[in-house]
Student: 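Mind having a look at this structure? Questions to follow.
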Amino acid sequence: MTPFAKKVYRAVLSIPLGQTRTYKWVARKSGSSSAYRAVGSILKKNPYPLIIPCHRVIKNNNILGEYSLGRNNKKRILELEKEISRCL
DNA sequence: CAAACTATTCAGC
DNA sequence: GCTGAATAGTTTG
(Lines give C-alpha, C1' and ligand atoms only; values in the text may rest on other atoms or scores of the structure.)
Protein backbone atom coordinates (compact mmCIF):
# COMPACT_ATOMS: atom_id res chain seq x y z
CA MET A 1 0.00 0.00 0.00
CA THR A 2 1.49 3.29 -1.08
CA PRO A 3 0.50 6.77 0.16
CA PHE A 4 -0.71 7.74 -3.27
CA ALA A 5 -2.85 4.65 -3.46
CA LYS A 6 -4.39 5.59 -0.13
CA LYS A 7 -5.37 8.99 -1.49
CA VAL A 8 -6.76 7.37 -4.59
CA TYR A 9 -8.88 5.02 -2.51
CA ARG A 10 -10.14 7.94 -0.45
CA ALA A 11 -11.04 9.88 -3.58
CA VAL A 12 -12.83 6.93 -5.15
CA LEU A 13 -14.67 6.17 -1.93
CA SER A 14 -15.81 9.79 -1.79
CA ILE A 15 -17.68 9.41 -5.07
CA PRO A 16 -21.43 9.53 -4.42
CA LEU A 17 -23.59 6.55 -5.27
CA GLY A 18 -24.72 6.51 -8.88
CA GLN A 19 -22.16 9.14 -9.80
CA THR A 20 -19.10 8.72 -11.98
CA ARG A 21 -15.78 10.55 -11.92
CA THR A 22 -12.91 10.54 -14.35
CA TYR A 23 -9.45 9.18 -13.70
CA LYS A 24 -8.20 12.71 -13.97
CA TRP A 25 -10.59 13.79 -11.27
CA VAL A 26 -9.37 11.06 -8.95
CA ALA A 27 -5.77 11.84 -9.76
CA ARG A 28 -6.34 15.52 -9.06
CA LYS A 29 -8.01 14.75 -5.75
CA SER A 30 -5.10 12.46 -4.97
CA GLY A 31 -2.67 15.31 -5.40
CA SER A 32 -1.26 14.56 -8.86
CA SER A 33 -3.46 15.89 -11.61
CA SER A 34 -1.39 14.14 -14.27
CA ALA A 35 -1.18 10.76 -12.60
CA TYR A 36 -4.39 9.50 -14.11
CA ARG A 37 -2.54 6.48 -15.45
CA ALA A 38 -0.98 5.76 -12.11
CA VAL A 39 -4.51 5.65 -10.71
CA GLY A 40 -5.32 3.00 -13.27
CA SER A 41 -2.21 1.07 -12.34
CA ILE A 42 -3.23 1.08 -8.69
CA LEU A 43 -6.83 0.17 -9.34
CA LYS A 44 -5.71 -2.53 -11.69
CA LYS A 45 -4.09 -4.36 -8.82
CA ASN A 46 -6.91 -3.08 -6.68
CA PRO A 47 -6.37 -5.08 -3.47
CA TYR A 48 -9.98 -4.59 -2.44
CA PRO A 49 -12.19 -4.44 -5.55
CA LEU A 50 -15.24 -5.07 -3.39
CA ILE A 51 -14.81 -2.18 -0.97
CA ILE A 52 -13.53 0.30 -3.51
CA PRO A 53 -16.09 1.34 -6.15
CA CYS A 54 -13.57 1.39 -8.96
CA HIS A 55 -16.48 0.96 -11.36
CA ARG A 56 -17.42 4.60 -10.73
CA VAL A 57 -14.17 5.71 -12.30
CA ILE A 58 -14.36 6.19 -16.05
CA LYS A 59 -12.54 8.07 -18.79
CA ASN A 60 -12.91 11.80 -19.19
CA ASN A 61 -15.17 11.71 -22.24
CA ASN A 62 -17.89 9.93 -20.30
CA ILE A 63 -16.56 6.79 -21.92
CA LEU A 64 -16.27 3.68 -19.81
CA GLY A 65 -12.74 2.58 -19.08
CA GLU A 66 -11.58 -0.90 -18.23
CA TYR A 67 -12.63 -2.94 -15.24
CA SER A 68 -11.14 -5.83 -13.31
CA LEU A 69 -14.42 -7.70 -13.57
CA GLY A 70 -15.03 -6.72 -17.19
CA ARG A 71 -16.29 -3.52 -18.79
CA ASN A 72 -19.64 -5.14 -19.41
CA ASN A 73 -20.15 -5.80 -15.72
CA LYS A 74 -18.94 -2.31 -14.95
CA LYS A 75 -21.57 -0.77 -17.14
CA ARG A 76 -24.23 -2.97 -15.60
CA ILE A 77 -23.21 -1.97 -12.06
CA LEU A 78 -23.19 1.68 -13.07
CA GLU A 79 -26.74 1.50 -14.34
CA LEU A 80 -27.75 -0.39 -11.23
CA GLU A 81 -26.28 2.22 -8.92
CA LYS A 82 -27.99 4.93 -10.93
CA GLU A 83 -31.32 3.29 -10.25
CA ILE A 84 -30.49 2.96 -6.58
CA SER A 85 -29.59 6.64 -6.35
CA ARG A 86 -32.98 7.39 -7.91
CA CYS A 87 -34.68 5.81 -4.93
CA LEU A 88 -32.95 8.30 -2.69
C1' DC B 1 17.52 1.98 -8.17
C1' DA B 2 16.22 1.38 -13.12
C1' DA B 3 13.28 -0.60 -16.58
C1' DA B 4 8.82 -1.99 -18.06
C1' DC B 5 3.89 -1.54 -17.72
C1' DT B 6 -0.60 0.66 -17.15
C1' DA B 7 -8.16 0.53 -16.17
C1' DT B 8 -5.63 7.60 -19.65
C1' DT B 9 -5.40 12.04 -21.92
C1' DC B 10 -4.12 15.42 -25.43
C1' DA B 11 -2.72 16.91 -29.98
C1' DG B 12 -2.52 16.22 -34.95
C1' DC B 13 -4.79 14.58 -39.42
C1' DG C 1 -13.07 9.60 -35.34
C1' DC C 2 -8.57 7.37 -35.06
C1' DT C 3 -3.37 7.15 -34.30
C1' DG C 4 0.65 8.49 -31.90
C1' DA C 5 3.10 10.61 -28.06
C1' DA C 6 3.56 11.78 -23.07
C1' DT C 7 3.23 11.96 -18.07
C1' DA C 8 3.33 9.89 -13.22
C1' DG C 9 3.20 6.22 -10.10
C1' DT C 10 3.30 0.89 -9.27
C1' DT C 11 5.52 -3.29 -9.80
C1' DT C 12 9.29 -6.40 -10.66
C1' DG C 13 14.32 -7.69 -11.08
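In what follows, every chain begins at residue 1, and chains take the letters A, B, ... in the order their sequences are listed.
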Student: Say whether, by atom type as modelled, one donor and one acceptor occur between the side chain of A:Lys74 and the main chain of A:Glu66 under 3.5 angstrom.
Tutor: yes

Student: Establish whether the base of C:dT7 is bridged to the side chain of A:Ser34 by a donor-acceptor pair shorter than 3.5 Å.
Tutor: no

Student: With respect to the phosphate group of C:dG9, does any side-chain polar atom (N or O) of A:Ser32 fall under 4.0 Å of OP1 or OP2?
Tutor: yes

Student: Look at the side-chain heavy atoms of Ile, Leu, Val, Met, Phe, Trp and Tyr, link any pair under 4.5 Å apart, and say whether A:Tyr48 and A:Val26 land in one connected group.
Tutor: yes

Student: Return the value, rounded to whole Å, for the distance between atom CD1 of A:Ile42 and atom P of C:dT12.
Tutor: 14 Å

Student: For a quick check of understanding: with a heavy-atom distance under 4.0 Å over all strands, which category does A:Asn46 fall into, base, sugar-phosphate or nothing?
Tutor: base

Student: Output the rounded distance in Å from NZ (A:Lys44) to P (B:dA4).
Tutor: 17 Å

Student: Rounded to whole Å, how long is the line connecting atom CG of A:Asn61 with atom P of B:dA11?
Tutor: 12 Å

Student: Can you check whether any acceptor in the base of B:dA7 is under 3.5 Å from a donor in the side chain of A:Tyr23, or vice versa?
Tutor: yes

Student: Starting from C1' on C:dA8, measure out to NZ on A:Lys7 and report it in whole angstrom.
Tutor: 13 Å

Student: Could you tell me the separation between the NZ atom of A:Lys45 and the C1' atom of C:dT12, rounded to a whole number of Å?
Tutor: 9 Å

Student: How close or far is atom C1' of B:dT8 from atom NZ of A:Lys74, stated in whole angstroms?
Tutor: 11 Å

Student: Within the structure, does a side-chain N or O atom of A:Asn60 lie under 4.0 Å from either OP1 or OP2 of B:dC10?
Tutor: yes

Student: Identify the nucleotide, in any strand shown, that forms a Watson-Crick or G-U wobble pair with B:dA3, with both distances under 3.5 Å; if there is none, say none.
Tutor: C:dT11

Student: Send over the distance from A:Tyr36 OH to C:dA5 C1', rounded to a whole Å.
Tutor: 11 Å

Student: May I ask you to say whether A:Arg86 pairs ionically with A:Glu83, meaning some side-chain N is under 4.0 Å from a carboxylate O?
Tutor: no

Student: Under the 3.5 Å rule, do the base of C:dA8 and the side chain of A:Ser41 count as making a donor-acceptor pair?
Tutor: no

Student: I'd like to know if A:Arg37 reaches the base of C:dA6 with its side chain, counting only an N/O donor and acceptor under 3.5 Å.
Tutor: yes

Student: What is the distance, rounded to the nearest whole Å, between atom CE of A:Met1 and atom C1' of C:dT11?
Tutor: 15 Å

Student: Nearest of B:dT9, C:dA8, B:dA7 to any side-chain atom of A:Leu43?
Tutor: B:dA7

Student: Assess the residue pair A:Phe4 and A:Val39 against the criterion (side-chain contact (heavy atoms from CB on, under 4.5 Å)); give the C-alpha distance rounded to whole Å, side-chain angles, the decisive distance to 0.1 Å, and a yes or no.
Tutor: CA-CA 9 Å; A:Phe4 190 71; A:Val39 175; 4.3 Å; yes

Student: Give one of base, sugar-phosphate or nothing for A:Lys24, where a contact means two heavy atoms less than 4.0 Å apart.
Tutor: sugar-phosphate

Student: Which is true for A:Phe4 with a 4.0 Å heavy-atom rule: it touches a base, it touches only sugar-phosphate, or it touches nothing?
Tutor: sugar-phosphate

Student: Before you tell me yes or no, could you show the steps for A:Val12 and A:Lys29 under side-chain contact (heavy atoms from CB on, under 4.5 Å), namely the whole-Å CA-CA distance, both residues' side-chain angles and the distance that decides it to 0.1 Å?
Tutor: CA-CA 9 Å; A:Val12 176; A:Lys29 207 162 214 287; over 6 Å; no

